[in-house]
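Structure first, commentary second.
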Amino acid sequence: MKRRIAEVYKALSRAYGPQDWWPAEDAFEMMVGAILIQHTAWPNAEKALDNLRREGLLEPQRLLRISGPRLAALIRPAGMPRVKTKRLGNFLRWYQKQGGFEDLQRRATPDLRSELLAVNGIGRETADDVLVYAFRRPVFVVDAYARRIFRRFGLISGAEGYEEIRRRIEGAMPDDPHRLGEFHALLVAHGKATCRSRPLCDGCCLRRRCARNLEG
DNA sequence: ACCCAGGGTCATA
DNA sequence: TATGACCATGGG
């Protein structure tokens with residue numbers, strides 16, 4: 001099964017090429033984006049980020065200062081503005097208490113992960129996004145696309161929990177942040193390319209696009 | 001008019 | 001552990 005996982009990665013990599021995630025200027029913007037993207041399409045989150053950038057607010061201090069209602073108005077395109085305003089606030093207050101990015105970077109991955117998960121509004125997927133793309137830790141992000149696509153490939157049954165899937169993929173791949181980050185990005189690319197408006201997608205184009213690649 | 005998106009929390013059983 | 005309600009905008 002380990003081999004099969006590696007083959008799927010290779011096939012996706014050949015089919016879609018380098019993804020170079022996360023699309024952000026710096027680590028802080030990435031982390032803000034990770035909260036904004038929750039249950040939203042990327043263009044919506046990007047509009048919210050553009051609004052913040054235009055106002056010069058993509059810095060921890062600035063973002064901490066402004067009022068809740070103003071922040072909510074700026075991030076509204078990302079959806080759930082009041083919820084995400086709270087979550088950003090929780091994250092920013094936590095981040096402020098730390099000794100800066102460098103200090104966080106020195107922490108062991110499991111400790112850093114626990115810290116992130118302790119922030120209300122940061123769940124496993126968001127935490128793992130931050131770990132792999134901002135802190136470059138060797139972590140695999142399990143999202144809805146990963147579950148669907150892996151199930152179609154027979155890599156999982158569908159009953160596995162988040163941590164179990166993460167453990168399987170991490171165990172089958174090199175301990176390499178870049179590779180694991182690419183894997184997640186490739187799954188999103190493939191999901192967007194094939195499965196939009198077809199969530200269950202029986203007999204999906206995955207076969208057309210990927211079975212061929214897997215054979216070759 | 002409906003369904004969904006690169007989720008997460010909280011209440012409930 | 002496992003559902004369900006809720007958040008809420010923008011695109012197909």
Side-chain angles (χ1 to χ4, degrees), chain A residues 8-9 12 16 18-24 27 29-52 68-94 113-135 137 139-152 156-166 169 177 180-202 204-206:
Chain A
V8 168
Y9 173 79
L12 291 172
Y16 297 100
Q19 300 299 304
D20 282 334
W21 266 24
W22 184 289
E29 181 181 326
M30 184 274 143
M31 296 189 277
V32 172
I35 291 173
L36 291 176
I37 189 62
Q38 289 173 357
H39 201 65
T40 307
W42 174 252
N44 296 349
E46 197 170 32
K47 282 174 199 163
L49 280 169
D50 286 344
N51 289 344
L52 296 177
R70 187 180 167 213
L71 180 53
L74 289 167
I75 68 173
R76 191 164 53 105
M80 297 178 269
R82 289 189 297 275
V83 170
K84 286 178 180 175
T85 291
K86 272 183 200 160
R87 291 179 182 179
L88 282 172
N90 294 339
F91 165 71
L92 290 167
R93 281 187 293 278
W94 167 79
R113 190 169 196 265
S114 300
E115 292 270 346
L116 287 165
L117 288 174
V119 177
N120 188 299
I122 296 184
R124 287 175 294 211
E125 184 177 337
T126 304
D128 290 336
D129 273 332
V130 168
L131 286 171
V132 70
Y133 296 116
F135 291 95
R137 305 305 174 90
V139 162
F140 178 74
V141 178
V142 181
D143 70 337
Y145 285 136
R147 290 171 188 273
R148 284 177 209 152
I149 295 168
F150 286 159
R151 184 153 51 91
R152 264 181 255 131
I156 61 174
S157 73
E160 296 87 348
Y162 185 100
E163 303 296 346
E164 169 63 18
I165 297 174
R166 186 167 75 89
I169 304 304
L180 289 168
E182 281 294 289
F183 205 167
H184 171 56
L186 287 164
L187 288 164
V188 173
H190 185 64
K192 281 179 175 174
T194 61
C195 297
R196 188 177 304 237
S197 77
R198 285 205 293 170
L200 296 180
C201 209
D202 296 330
C204 167
C205 22
L206 231 159

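The sequence lines fix the lettering, A, B, ..., with proteins before strands; numbering per chain opens at 1.
C:dC6 and B:dG6 have their P atoms separated by 24 Å, given to the nearest Å.
Between the NZ atom of A:K192 and the P atom of C:dG11 there is a distance of 14 Å, rounded to whole Å. Atom NZ in A:K86 sits about 17 Å away from atom P in B:dG8, given to the nearest Å. Put simply, CD1 on A:I35 is 10 Å from P on B:dT9, counting in whole angstrom units. A straight line from NZ of A:K47 to P of B:dA5 spans 18 Å, rounded to a whole angstrom. Atom CD of A:E125 is separated from atom C1' of B:dT9 by 15 Å (rounded to the nearest Å). Regarding A:K84, its NZ atom lies at a distance of 9 Å from the P atom of B:dG7, rounded to whole Å. One can place CG of A:D128 at 14 Å from C1' of B:dG8, the figure rounded to the nearest angstrom. One atom, CD1 of A:I37, and another, C1' of C:dG10, lie 12 Å apart when rounded to the nearest Å.
A centroid separation of less than 6.0 Å is found between the aromatic rings of A:F150 and A:F183. Taking the six-membered ring where the residue is Trp, the centroids of A:Y145 and A:H190 are separated by 6.0 Å or more.
In the set B:dC10, C:dA8, B:dG8, the nucleotide with an atom closest to the side chain of A:N120 is B:dC10. When distances are taken from the side chain of A:T126 to each of B:dG7, B:dG6, B:dA5, the shortest belongs to B:dG7. With B:dA5, C:dG11, C:dT9 as the candidates, the nucleotide lying closest to the side chain of A:H39 is B:dA5. In this structure, the nucleotide among B:dG7, C:dA8, C:dG10 sitting nearest to the side chain of A:R82 is C:dA8. Here the nucleotide nearest the side chain of A:M80, chosen from B:dG8, C:dC7, B:dA5, is C:dC7.
The residue A:L187 sits apart from the nucleic acid: no heavy atom pair falls under 4.0 Å. The residue A:D143 sits close only to the backbone: its heavy atoms come under 4.0 Å of sugar-phosphate atoms, none of a base. No engagement by A:P43 is indicated, since no non-hydrogen atom pair under 4.0 Å with the nucleic acid exists.
In terms of position on DNA chain B, the residue among A:R87 and A:N44 whose nearest nucleotide sits closer to the 5' end is A:N44.
No aromatic stack links A:W42 and the base of B:dA5, using centre distance under 5.5 Å and interplanar angle under 30°.
In this structure, A:Y133 and A:A185 approach most closely via the heavy-atom pair OH-N, 3.7 Å. Across A:I156 and A:R147, no two heavy atoms sit closer than the pair CD1-O, 3.6 Å.
Atom CG of residue A:L71 and atom NZ of residue A:K86 lie 13.0 Å apart, to the nearest 0.5 angstrom. The structure places NZ of A:K47 at 14.5 Å from CG of A:L52, a figure rounded to the nearest 0.5 Å.
When the side-chain nitrogen and oxygen atoms of A:T40 are compared with OP1 and OP2 of B:dG6, none of them lie within a distance under 4.0 Å.
Checking B:dA1 for Watson-Crick or G-U wobble geometry (two distances, each under 3.5 Å) identifies no partner in any strand.
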